[in-house]
Structure formats: structure tokens, C-alpha cells
Amino acid sequence: QVQLVESGGGLVQPGRSLTLSCAASGSTLDYYVIGWFRQAPGKEREEVSCSSVSDGSTYYADSVKGRFTISKDNAKNTVYLQMNSLKVEDTAVYYCAIDQTAPRTVLVGCGWHRLFGFWGQGTQVTVSS
């Protein structure tokens, strides 16, 4: 089993920054892809960014490209999402998730969300003036 705990969300003004953290724990922490997703009220869940351990590829949704950065601290089993130049439309609950199914690239996207077998509980990010 794996537990993922997100933190770092909050209320921030447009143009400011936030860093989300996703701490992983459990008996089977190996994964092939780790990703960040978000869901805004009344909207479907969407992929934000993900990283493949298999080939080192990373993916960013067009809406966050150039503003968000995914990174990992393997010693701490923690993945981060640095979010800069936040916009009102970035408001959502942000989730991290891991895919333990098979090695794959994420060059063209994080992949089907059902491949991600473990999810965190989410952290709210609200961007408002």
C-alpha cells in the first residue's frame, strides 16, 4: 500500500507563487510515473504535470507550461509542484498520484488516469484577488 499526502495549498493572489508537496509513504513506493492533477468546481479532472522514472520525461499541460515545474526529492520520497505566476483559472483541488503499472514515457501526456492506482486526498489552491 502507498499513501500520498499533499500539502502547500492555500489562498494566493494572482501573479504569486505556491509550492505543493506530495509525500509518499508505504511498503511499495516504487512507481513508474508520478503526476499532478487538478479538478475545479464543475469541471472534469485534468492532468497538470507528470514525470516518468522510466525515461526521465516530463509533461506539462499547455495551460501551465512555463509557469509550473515538477521536481522530486528521492531521499524524502516527495514530489513538488512549483507554481509561479498563478492565475484565477488555476483555482482547483490539486491531487498527486502514482502509476505502478508499467514503464512508459509521458512526453505526450500523463496517460489514462485509471493507470494511477494511488491518489492523495488533494489540497485546495485558490487564486483570487
Side-chain angles (χ1 to χ4, degrees):
Q1 286 293 333
V2 176
Q3 287 186 323
L4 303 174
V5 179
E6 302 97 336
S7 61
L11 172 63
V12 65
Q13 293 180 328
R16 304 299 291 268
S17 298
L18 276 178
T19 300
L20 304 184
S21 300
C22 173
S25 62
S27 57
T28 53
L29 291 180
D30 293 336
Y31 58 84
Y32 296 108
V33 175
I34 188 161
W36 285 96
F37 299 79
R38 68 185 181 186
Q39 187 165 20
K43 295 187 177 180
E44 293 187 354
R45 179 171 43 193
E46 62 175 350
E47 56 189 19
V48 176
S49 177
C50 50
S51 175
S52 168
V53 175
S54 312
D55 66 358
S57 58
T58 57
Y59 169 81
Y60 295 96
D62 287 343
S63 58
V64 306
K65 200 172 295 183
R67 300 188 297 122
F68 290 11
T69 303
I70 189 170
S71 62
K72 294 179 289 184
D73 185 333
N74 292 326
K76 296 182 178 180
N77 290 322
T78 299
V79 175
Y80 304 96
L81 185 68
Q82 173 69 42
M83 306 186 296
N84 298 327
S85 303
L86 282 162
K87 303 177 180 180
V88 172
E89 50 264 41
D90 294 320
T91 296
V93 178
Y94 284 71
Y95 302 89
C96 67
I98 61 171
D99 172 9
Q100 299 180 310
T101 57
R104 59 187 178 87
T105 186
V106 296
L107 283 176
V108 294
C110 296
W112 190 34
H113 71 275
R114 290 188 184 274
L115 292 174
F116 293 83
F118 291 97
W119 294 76
Q121 82 291 348
T123 185
Q124 175 71 47
V125 172
T126 302
V127 184
S128 175
S129 55

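Quick caveat, the model's predicted, so the values are computed rather than measured.
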Give a yes or no on whether [X] and [Y] share a hydrophobic cluster (residues Ile, Leu, Val, Met, Phe, Trp, Tyr; joining criterion: side-chain heavy atoms under 4.5 Å apart).
X    : Y   : answer
V127 : L81 : yes
M83  : V79 : yes
V33  : I98 : no
V93  : V12 : no

Can you measure from [atom1] ([X]) to [atom2] ([Y]) and round to the nearest 0.5 angstrom?
X    : Y    : atom1 : atom2 : answer
L11  : S128 : CG    : OG    : 6.0 Å
N84  : L18  : CG    : CG    : 9.5 Å
Q121 : S7   : CD    : OG    : 8.5 Å
Q3   : S25  : CD    : OG    : 4.5 Å
L20  : S49  : CG    : OG    : 11.0 Å

Would you indicate whether E44, at its atom CD, is surrounded by more than 12 heavy atoms from other residues, nucleotides or ligands within a distance under 6.0 Å?
no
Would you kindly say whether [X] and [Y] are connected by a side-chain donor-acceptor distance under 3.5 Å?
X    : Y    : value
Q124 : T126 : yes
D73  : T78  : no
T58  : S51  : no
Q82  : T19  : yes
E47  : Y59  : yes

| query | Hey, what's the ring geometry for F68 with Y94, parallel, tilted or perpendicular (30° and 60° as the breaks)? | reply | tilted
Quick one: sort the W119 and H113 rings into parallel, tilted or perpendicular, breaks at 30° and 60°.
->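 If you compare the ring of W119 with that of H113, the planes turn out perpendicular.
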*asked:* Check D90 with K87, please: is the shortest side-chain N to carboxylate O separation under 4.0 Å?
replied: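 Here K87 does not pair with D90 in a salt bridge, since their nearest N and O are not under 4.0 Å apart.
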Any Lys/Arg nitrogen of R104 or D99 sitting under 4.0 Å from an Asp/Glu carboxylate oxygen of the other?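 Counted as a salt bridge, because a side-chain N and a carboxylate O are separated by less than 4.0 Å.
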Dump the intermediate steps for side chain to side chain contact (heavy atoms under 4.5 Å, CB included) on V53 and Y32, then the final yes or no. CA-CA 5 Å; V53 175; Y32 296 108; 5.6 Å; no
Any sub-3.5 Å donor-acceptor pair from R67's side-chain atoms to S85's backbone N or O?
yes
Check: Just by distance, do the side chain of S52 and the backbone of T105 share a donor-acceptor pair under 3.5 Å?
Finding: no
Any side-chain heavy-atom pair of C110 and W36 under 4.5 Å
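Heavy-atom side-chain distance check fails, nothing below 4.5 Å.
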Item to complete: Would you check if the distance from the ring center of F116 to the ring center of F37 is below 6.0 Å?
Response: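 Ring centroids of F116 and F37 are less than 6.0 Å from each other.
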Closest non-hydrogen atoms of C96 and E6, given as atom of the first, atom of the second and distance, are N-OE2, 2.8 Å
